[in-house]
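The next block holds one structure in the form of structure tokens; read it before the comments.
Order of the sequence lines fixes the chain letters, A, B, ..., with proteins taken first and strands second; residue numbering starts at 1 for each chain.
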There are 2 protein chains.
Amino acid sequence: MKTNTKDIFIDTASSLFANQGYHATGISEILKKSNAPKGSLYYYFPQGKEQLAQEALQKTAEKISTEILDVLAKASTPLEGLQQHLIYIAQKIEKDLFQPNVSISLIALETFSSNEIIRLECERTFQQIQNIYKNSFLKMDLHEEYANFLAMTMVMLTEGAITLSLTKKNTQPLHQLANNLPLLINFNNLLGENYAK
Amino acid sequence: MKTNTKDIFIDTASSLFANQGYHATGISEILKKSNAPKGSLYYYFPQGKEQLAQEALQKTAEKISTEILDVLAKASTPLEGLQQHLIYIAQKIEKDLFQPNVSISLIALETFSSNEIIRLECERTFQQIQNIYKNSFLKMDLHEEYANFLAMTMVMLTEGAITLSLTKKNTQPLHQLANNLPLLINFNNLLGENYAK
DNA sequence: GTCTATAAGCAGATAGAC
DNA sequence: GTCTATCTGCTTATAGAC
């Protein structure tokens, strides 16, 4: 039997943790926004805040992965898909008034040295996203190592662009990156073809 | 008259905030590592934690800027300088056992929506770093807008590579980016020459 | 300028009634 | 399964002695 009180907790926590961070988000705030009492939270998540954060992070990771796969599936080329994804993120940031749920960098940087469970979850998520990018590049008949490097580059660029856009309270970095992405990710690059010569 | 108790506070706070984050770092931890009593902290920083964080961030920003300028000055080309800087960051991370002081992304993401003073300081810092990159690119006779885009790209890539390396507890992303940077930042790129055609 | 004792409030977590 | 009252410890900050 599936209750959905638990899902409400996860959704609320997912959003709050991603936008404010793990330490800045209190259990009380999650309870208030979930319209639920404290007891039921500890019923569903006996290990408390850490367990809730872990499950919330998995949910965020799933959502991000799905969004990327969707946009790549609709696009006519991987490059266009990546550009559209960056614009999608920018629109989401604007629409949600800079409270989106598009990045796990904050949680990753907050916990990498203090919480091994959550750190591993973040590492897994980054790898999962990178693999999605890599698979799309492989369809372009790129050398595997080169595809992998470009995929890692896309993860770095996307996370960096989100960080800059949020800090500036302006989505210009995301838009500019989307517009000029062909200058960076150049499939006809001779250097790239000789990548692992 | 210059005491240096204040400087000790700033150095300690600078390191703790950058590595653990603003909310995870308590005043008590700063006091303990500074070997100083609580009274003197509030004597030097009457506005408490927020003021200390702001001054610590300025110190971190200064240090990062100086390091980039140094490495660029010694390198024979901007591209080599950027590669060496990435390697320098990787070495610092390894040497300091993943407790370096090389990024402001964590503080930026933690505070962009909750603390306007610190957010502005972060925005200023990102812009300052981008300007250093831009000036080095301009020496290569690039179009100004293209130089500016490449500089922004370098900020994104560097912050992204640090985030990935810390999360993985492995500096491979930083090293791989350094090795393959010429594939991305390509001054002979025809597209780049036509940037703002 | 330096230091300690303490305030006031909030955090995460729990016990136990219903 | 749901809810509330409460515990313990930690947080930032302050008052005031020296």
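For Glu80(B), the side-chain hydrogen bond (donor to acceptor under 3.5 Å, both in side chains) partners two or more places apart in sequence, or in a different chain, are Ser76(B). Residues that satisfy the side-chain contact (heavy atoms from CB on, under 4.5 Å) test with Asn148(B), not counting sequence neighbours, are Gln130(B), Lys134(B). Contacts of Lys59(A) classified as salt bridge (Lys or Arg N to Asp or Glu O under 4.0 Å), with partners at least two apart in sequence or in another chain: Asp11(A). Remark: Asn131(B) engages Gln127(B) in a side-chain hydrogen bond (donor to acceptor under 3.5 Å, both in side chains) (not counting sequence neighbours). Ser103(A) pairs by the side-chain hydrogen bond (donor to acceptor under 3.5 Å, both in side chains) definition with Glu159(A), not counting sequence neighbours. For Phe112(B), the ring pair (Phe, Tyr, Trp, His ring centres under 6.0 Å) test picks out no residue, with sequence neighbours left out. For Tyr88(A), the side-chain hydrogen bond (donor to acceptor under 3.5 Å, both in side chains) test picks out Glu67(A), with sequence neighbours left out.
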Give me, pair by pair, the N or O atoms of the protein and of nucleotides 3-8 of chain D that are less than 3.5 Å apart, along with how far apart they are.
{"residue": "dT4(D)", "atom": "O4", "partner": "Gly39(A)", "partner atom": "N", "Å": "3.4"}

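Atom CG in Asn4(B) sits roughly 14 Å away from atom C1' in dT2(C) (whole-Å rounding). Atom CD1 in Ile30(A) sits about 11 Å away from atom P in dA13(C), given to the nearest Å. Between Tyr42(B) atom OH and dA5(C) atom P there is a gap of 17 Å when expressed in whole angstrom units. Here the C1' atom of nucleotide dT14(D) and the CG atom of Leu41(B) are 13 Å apart, to the nearest Å. Taking atom CZ on Phe45(A) and atom P on dT2(D), their separation rounds to 12 Å, with Å as the unit.
Between Ser28(B) and the phosphate of dC10(D), there is no side-chain N or O to OP1/OP2 separation shorter than 4.0 Å.
Nearest to the side-chain atoms of Tyr44(A) among the listed nucleotides dG1(C), dG1(D), dT14(D) stands dG1(D). Ranking dT14(D), dT2(D), dT11(D) by closeness to the Tyr43(A) side chain, first place goes to dT2(D).
The stretch residues 47-56 of chain B touches DNA chain D through Gly48(B), Lys49(B), each having a heavy atom under 4.0 angstrom from the strand. Looking at residues 13-27 of chain B, you'll see that no heavy atom sits under 4.0 Å from any atom of DNA chain C.
Within the structure, every pair that satisfies the salt bridge (charged side-chain N to carboxylate O under 4.0 Å, His left out) test and touches residues 115-126 of chain A, not counting sequence neighbours, is listed here: Glu116(A)-Arg119(A), Arg119(A)-Glu123(A), Glu121(A)-Arg124(A).
Annotation: side chain of Asn135(A) is in contact with side chain of Leu138(A) (closest heavy-atom distance under 4.5 Å).
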Report all side-chain donor-acceptor pairs from residues 26-33 of chain A shorter than 3.5 Å, counting only partners two or more places apart or in another chain.
{"residue": "Glu29(A)", "atom": "OE2", "partner": "Gln20(A)", "partner atom": "NE2", "Å": "3.2"}

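Side chain of Gln54(A) to backbone of Ile118(A): no donor-acceptor contact under 3.5 angstrom is found.
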